[in-house]
Enquirer: 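First the structure, which I've put down as structure tokens, then a few questions once you've had a look.
Just so you know, residue 1 is the first one in the sequence shown, and it goes up from there. What you see below is based on every heavy atom in this structure, not just the backbone, and it leaves out hydrogens, waters and symmetry mates.
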Amino acid sequence: MLLRAELHTHVKIFINRKFSPEQLKKRLNWAKRIGLNVLAITEHLDLPDFWEIYDCLEELCSNGSGALQWEGTTVLAGTEVSIEEGGHILLIGSLETLKILEGRLGRVTLENAPDFKFLMDNTEDLNFVRIGAHPCRYGYELWKIGSQLKRLDALEINANELIMAKLVQRQAFDMKIPVLAGSDAHHWLQMGRVYNLLPLKRGFTIADLKQVVARYKVTWCRQGAISIMLGGLLKGAVK
């Protein structure tokens with residue numbers, strides 16, 4: 001079975017505007033409408049209202065077992081962490097591991113971002129999929145970290161920089177790191193621009209996800225994403 005997964009989604013468009021639960025609901029509903037089986041919410045850890053967002057996520061999606069679901073879509077709790085070197089790291093796991101992470105790092109802001117080694121050391125024993133976000137983006141390049149990047153589970157093909165996809169794939173191949181795709185969606189209509197096909201069954205664990213990534217079993221796709229989004233819009237227009 002192949003599950004269609006979006007692994008890089010934000011809830012807020014404007015950082016300084018107050019969070020509204022409707023923003024989150026729109027993303028959850030859109031994920032279902034465009035046929036996503038898995039949706040990772042990966043908001044920036046340094047947002048002042050970070051936990052307001054994730055408390056709302058738990059309220060909307062908790063099924064009592066610790067897993068998160070929205071009308072058949074598996075929802076993963078993650079975050080995007082700014083590091084001292086200037087890059088961003090996606091951590092995808094659970095609400096529990098996010099709370100443990102904050103306990104170890106303290107309140108993260110842009111002024112006290114952890115360095116890469118410190119972040120890796122403090123997530124090594126936690127059940128996160130660790131992804132180097134948009135590794136080629138100007139000003140956020142991750143190559144400056146060097147061979148330490150091998151501590152990551154994957155590098156990201158970012159929908160905002162598909163022109164750099166081949167470069168990311170080449171660098172990842174040279175460093176023997178898998179690649180995953182993420183839409184980096186800040187608006188709900190941006191979700192699904194790229195996605196991953198996971199050879200997993202429903203009810204998978206983060207450990208299962210890490211394993212298929214490590215074995216290079218995940219395929220990323222962009223073909224047909226626009227058609228999927230337009231189809232969803234048309235459905236919405238006629239309802």
Enquirer: We want to know whether Ser183 and Glu6 form a side-chain donor-acceptor pair, criterion being a heavy-atom distance below 3.5 angstrom.
Expert: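 There is such a pair between these side chains.
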
Enquirer: CD1/Ile34 to CG/Leu36 distance, rounded to the nearest 0.5 angstrom?
Expert: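 Ile34 CD1 to Leu36 CG: 4.0 Å, rounded to 0.5 Å.
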
Enquirer: Quick one about Thr9 and Arg27 (side-chain donor to acceptor, distance below 3.5 Å, no hydrogens or angles considered), yes or no?
Expert: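 Distance-only check fails for Arg27 and Thr9.
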
Enquirer: By salt bridge (Lys or Arg N to Asp or Glu O under 4.0 Å), which residues pair with Arg104, not counting sequence neighbours?
Expert: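 Residues passing salt bridge (Lys or Arg N to Asp or Glu O under 4.0 Å) with Arg104: Asp125.
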
Enquirer: First locate atom CG of Leu24, then atom CD of Glu52, and finally report the distance between them rounded to the nearest 0.5 Å.
Expert: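 So the CG of Leu24 and the CD of Glu52 are separated by 11.0 Å.
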
Enquirer: Are the side chain of Tyr54 and the backbone of Ile41 linked by a donor-acceptor contact shorter than 3.5 Å?
Expert: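 Yes, the answer is positive, given that a donor and an acceptor are paired below the 3.5 Å cut-off.
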
Enquirer: In terms of side-chain geometry, is the basic nitrogen of Lys12 or Glu43 positioned less than 4.0 Å from the acidic oxygen of its partner?
Expert: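 The answer is no: the pair does not qualify as a salt bridge.
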
Enquirer: Hey, quick one: are Trp143 and Val179 part of the same hydrophobic cluster, counting side-chain heavy atoms closer than 4.5 Å, chains of contacts allowed?
Expert: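 Trp143 clusters together with Val179.
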
Enquirer: Going by side-chain contact (heavy atoms from CB on, under 4.5 Å), Val194 matches just one of Leu7, Ile157, Leu162. Which one?
Expert: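 Result for side-chain contact (heavy atoms from CB on, under 4.5 Å) with Val194: Leu162.
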
Enquirer: Check the angle between the aromatic planes of His186 and His10 and answer parallel, tilted or perpendicular using the 30° and 60° thresholds.
Expert: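 His186 vs His10 ring planes: parallel.
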
Enquirer: When you check the side-chain N and O atoms of Arg193 and Asn160, is any donor under 3.5 Å from an acceptor?
Expert: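 Arg193 vs Asn160: donor-acceptor pair found between side chains.
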
Enquirer: Leu47 and Leu95: same hydrophobic cluster, using ILVMFWY side-chain contacts below 4.5 Å?
Expert: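 Same cluster.
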
Enquirer: List the steps, then state whether salt bridge (Lys or Arg N to Asp or Glu O under 4.0 Å) holds for Lys25 with Glu22.
Expert: CA-CA 5 Å; Lys25 288 179 183 177; Glu22 289 304 312; 3.6 Å; yes

Enquirer: Does a donor on one side chain and an acceptor on the other come within less than 3.5 Å for His88 and Glu80?
Expert: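 Their side chains do contain a donor-acceptor pair, which is all the 3.5 Å distance test asks for.
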
Enquirer: Same cluster or not: Trp70 versus Phe204, using hydrophobic residues (I, L, V, M, F, W, Y) connected whenever any side-chain heavy atoms lie under 4.5 Å apart?
Expert: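 They do not share one cluster, since no chain of ILVMFWY contacts under 4.5 Å joins Trp70 to Phe204.
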
